[in-house]
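Have a look at the structure below, then the notes.
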Amino acid sequence: MPYMHENVLKAKDVKGDIMGLTKYTWWKDGTFYQVYPASYKDSNGDGFGDLPGIISKLDYIASLGVDVIWISPMFESPQIDMGYDISNYEEVHAPYGTVADMDHLIQKAHSLGLRVLLDLVINHTSDQHAWFKESRSSKTNPKRDWYIWRPPRYDSAGNRIAPNNWRSNFSTPAWTYDEHSGEYYLHLFCPEQPDLNWENEETRNAIYESAMHFWLRKGVDGFRIDTVNMYSKTPGLPDAPIVDPSSFDQPASSLYCNGPRMHEFLREMNQKVLDQYGAITVGELPCTPDPAHVLRYVSESDRQLNMVFQFDIVDLGQGKVHKFDHTPHKLSEFKAVVAKWQKFIAGTDGWTTAFCENHDQGRSVSRFASDRPEYRMAAAKMLATMMAMMTGSLFLYQGQEIGMVNAPEHWGIENYKDVDSLNYHQRMSMQYGNDPEMMREVMKGLHAFARDHARLPMQWDDSPHAGFTDVEEAKPWMRVHDDYQHINVENQEADPESVLNYWRKMLKFRKLHRDLCIHGEFHLYDPENNDTMVFWKHFGDQQAVVACNFSLEDQGFNMPSEFEGKAELVVCNRGDGTAEKLKPYEARVYFVRGLEPVDGTA
Ligand code: TEU
């Protein structure tokens, strides 16, 4: 393994030995950059991004100052859920390229000093996977038990009903009836994504071999693990409580997340697979709000996951019954979730992540700041400042580095492609009989939370199709954002003041001051303030105060009195940062000099 832990130091911090914790290591200190293959770069004009396209941009990615790329699924797939429905773990989706292209990609990335994570989607496969085809072929097939099959129930009137009332994550019932064998199978996502049965050891071993060993032997450095806490369901698969009286199916995440064998399965995965390669993991962890519970997953000594994407930031403003029911969040709520997950590892052997975008979310500038043309550059740089000052491993999503924004509000449903968006739209149009006013609300929900926003083609330049594809007659699989002539990589490369060059500067800054930025402790000031976010980072005698104005007005902020006269401005995203008040979306970082080391938790 070319990169295995060569730069791991067992370090001591200012307080002395910290429980033998692995401190400076590539996956803690590194910045991760997520690439969504369909939307990054189309090299052959078929309208879909592809692996040769990604390979052609690896130098660009390395130039950002990131250290690791995470590639969303590029495996063989019917693409019902954009590759999160895998029909063969050991093949590449043909329009994206070949396994040989992946070999080339891994080799070139490594030669540039970039490590590579793949997406590990093993809660479910595609219904077109050979395993499921066998499983559904008959009740006696040896692979029948590799998926979750149950006989029907019947209501008092004798009508056939599903084995329980769970709703899938995509606004449909979580069970589909199979006429051929007379039973239902469970799918927490689309019907075309049947859940694997993790209770079966033979199934688990097959997953490890095909989805993991195969790629680890090729040299990948780890995995982002999809829906990592859904493999173990509540025994007996009981009905969920009724919170949506308008429907048979009910939200059921508390019954299918964090089941009793989850931790055991993850320990086994380390012992049987990951440990052999020194590979790392970052698990996607929805529905787990309790820090003590999250710590169980990420405690280094327990060897389950290196780190997770906790979902509080994702859930902000989303509805409980349907995520698209939109209630705008307050800045104080945003600050509370950031502070909670910045602080939860203090004094433990766990590790945290910092992220505000991925392929399932709207764009951070639109969601957390402002995408109005007069503010969006400042807003994107403010968020870059804040993110670069966050403790934990930092994750960036493609296009975030140039401040890409959500699709315009006036785009109609015909521009949305994601199954999650389309299912919701269809369900609501049936429920509301297409009532125009209600459907306007539905579109507002999609404008806020559709996963489509992040999947718009990457904006490389101002040529037709934003340079996503160089073939003029090509038809990109998703509509290119109307604003691409203003927001694109080529423009920003040429502009020293661009969002892109600001991110580069902040990523350098983060590395230069890694103790403070990546390993420091975090303390939030003035949690109730809904205009500004001010926080303090400290690591020994290194201390910084970060002040961000999230509002459209100038805002004052109080430098904590103990730092008066000792604070020196080191970063500002707008002008020289000397005015008394912060301008809209201004961010400043001050270093505080000449202080005694801080001991204890902030
Ligand atoms: O997402 C799982 C997940 O819990 C959500 O973020 C999901 O997008 C949301 O609940 C839908 O309303 C992961 C992947 O990131 C996502 O792209 C896949 O669609 C999903 O798993 C299924 O593999």
Side-chain angles (χ1 to χ4, degrees), residues 36 38 72-73 75-89 93 119-129 131-133 135-136 146-150 162-178 184-198 203 207 211 224-234 237 240 247 249-259 262 283-288 309 311 314-315 318 321-324 358-361 416-427 446 449-452 454-455:
Y36 196 68
S72 276
F75 312 96
E76 184 189 286
S77 159
Q79 303 289 325
I80 301 293
D81 184 20
M82 290 308 296
Y84 285 87
D85 49 322
I86 296 169
S87 51
N88 186 345
Y89 291 103
H93 179 51
D119 221 306
L120 186 61
V121 188
I122 50 181
N123 175 68
H124 42 265
T125 64
S126 159
D127 64 346
Q128 298 307 305
H129 195 293
W131 299 342
F132 188 71
K133 286 185 178 168
S135 182
R136 86 183 311 173
W146 284 33
Y147 293 83
I148 302 174
W149 292 96
R150 292 289 182 275
N164 69 25
N165 65 358
W166 294 0
R167 179 180 296 167
S168 79
N169 283 279
F170 291 147
S171 310
T172 59
W175 294 90
T176 289
Y177 186 63
D178 177 52
Y184 284 85
Y185 65 89
L186 179 70
H187 50 86
L188 298 180
F189 294 88
C190 290
E192 295 85 354
Q193 291 168 295
D195 276 46
L196 284 156
N197 178 15
W198 273 72
T203 316
I207 294 169
R224 173 269 187 185
I225 312 187
D226 195 61
T227 58
V228 77
N229 58 347
M230 297 189 192
Y231 316 152
S232 171
K233 281 89 177 164
T234 301
L237 311 180
S247 147
D249 52 278
Q250 301 294 320
S253 53
S254 59
L255 294 165
Y256 59 69
C257 290
N258 303 313
M262 248 349 295
E284 188 196 29
L285 198 70
C287 315
T288 315
F309 298 127
F311 262 49
V314 165
D315 294 340
Q318 296 191 344
V321 174
H322 291 291
K323 78 168 189 186
F324 295 104
N358 63 42
H359 66 292
D360 292 336
Q361 312 305 321
Y416 289 74
K417 303 286 175 220
D418 179 23
V419 62
D420 192 19
S421 311
L422 300 181
N423 281 2
Y424 173 70
H425 189 267
Q426 193 187 15
R427 187 177 178 129
L446 290 175
F449 294 131
R451 309 191 302 179
D452 303 77
R455 302 173 182 191

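None of the values given here were measured: they were computed from a predicted structure.
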| said: So Arg136 and Tyr185, do their side chains get closer than 4.5 Å, heavy atoms only? | reply: yes
| Asn258 versus Thr288: any side-chain heavy-atom pair under 4.5 Å? | yes
| Taking side chain as C-beta onward, heavy atoms only, is Lys233 less than 4.5 Å from Asn197? | no
| field | Asn164 side, atom CG; Tyr256 side, atom OH - distance, nearest 0.5 Å | value | 11.0 Å
| task | Find the distance between CD1 (Ile225) and CG (Leu120) and round it off to the nearest 0.5 Å. | result | 5.0 Å
| For the side chain of Ser168 and the backbone of Cys190, is there at least one donor-acceptor N/O pair under 3.5 Å apart? | no
| Nearest heavy atoms of Lys323 and Asp420, plus distance in Å | NZ-OD2, 2.8 Å
| Smallest separation among heavy atoms of Lys417 and Leu422, with atom names | O-CD1, 3.8 Å
| From Asp178 CG over to Tyr184 OH, what is the distance, rounded to the nearest 0.5 angstrom? | 11.0 Å
| query | What residues form a side chain to side chain donor-acceptor pair (under 3.5 Å) with Trp149, not counting sequence neighbours? | reply | Ser135
| task | Could you tell me the separation between the OG atom of Ser77 and the CD atom of Gln193, rounded to the nearest 0.5 Å? | result | 8.5 Å
| query | Backbone N or O of Glu192 within a donor-acceptor pair of the Asp85 side chain at under 3.5 Å? | reply | no
| request: Begin with the C-alpha distance, continue with both residues' side-chain angles, and end with the deciding distance and a verdict on side chain to side chain contact (heavy atoms under 4.5 Å, CB included) for Phe309 and Asp360. | output: CA-CA 12 Å; Phe309 298 127; Asp360 292 336; over 6 Å; no
| said: Salt bridge or not between Asp249 and Arg427? Use side-chain N to carboxylate O under 4.0 Å. | reply: yes
| task | Please assess Asn423 against Thr172 for the test side-chain hydrogen bond (donor to acceptor under 3.5 Å, both in side chains), listing each intermediate value before the final yes or no. | result | CA-CA 8 Å; Asn423 281 2; Thr172 59; 4.7 Å; no
| query | What about the rings of Phe189 and Phe170, do their centers lie closer together than 6.0 Å? | reply | yes
| field | Residues Ile122, Trp198; criterion side chain to side chain contact (heavy atoms under 4.5 Å, CB included); working and verdict | value | CA-CA 9 Å; Ile122 50 181; Trp198 273 72; 3.7 Å; yes
| said: Please report the interatomic distance CG(Asp418) to CG(Asp81), rounded to the nearest 0.5 Å. | reply: 6.5 Å
| field | 4.5 Å side-chain heavy-atom contact, Asn123 and Leu188 | value | yes
| query | With a 4.5 Å limit on heavy-atom distance, are the side chains of Ile80 and Gln128 in contact? | reply | no
| query | What heavy-atom pair brings Ser421 and Ala450 nearest, and what distance separates the two atoms? | reply | OG-CB, 3.6 Å
| query | Is a donor on one side and an acceptor on the other found under 3.5 Å between the side chain of Glu284 and the backbone of Thr227? | reply | yes
| request: Kindly indicate whether the side chain of Ile207, heavy atoms from C-beta on, has any atom under 4.5 Å from the side chain of Trp131. | output: yes
| Hey, mind stepping through Tyr147 and His129 against side-chain hydrogen bond (donor to acceptor under 3.5 Å, both in side chains) and telling me if it holds? | CA-CA 12 Å; Tyr147 293 83; His129 195 293; 4.6 Å; no
| task | Compute the centroid of each ring, for Phe132 and then for His187, and state whether the two points are separated by less than 6.0 Å. | result | no
| field | For the student: nearest non-hydrogen atoms of Cys257 and Cys287, plus distance | value | SG-SG, 3.6 Å
| note | Closest heavy-atom pair, Thr234 versus Ser254, reported as atoms and distance to 0.1 Å, is OG1-O, 4.3 Å
| note | Value for CE (Met230) from CG (Leu255), rounded to nearest 0.5 Å, stands at 12.5 Å
| With distance as the sole test, does Tyr89 use its side chain to make a donor-acceptor pair with the main-chain N or O of Val121 at under 3.5 Å? | yes
| Trp166 and Leu186: which non-hydrogen atoms are nearest, and at how many Å? | CE3-CD1, 4.0 Å
| message | Would you say the rings of His322 and Tyr424 are close, in the sense that their centroids are separated by under 6.0 Å? | response | yes
| request: Verify side-chain hydrogen bond (donor to acceptor under 3.5 Å, both in side chains) between Ser72 and Tyr84, making sure each step is shown before the conclusion. | output: CA-CA 8 Å; Ser72 276; Tyr84 285 87; 3.3 Å; yes
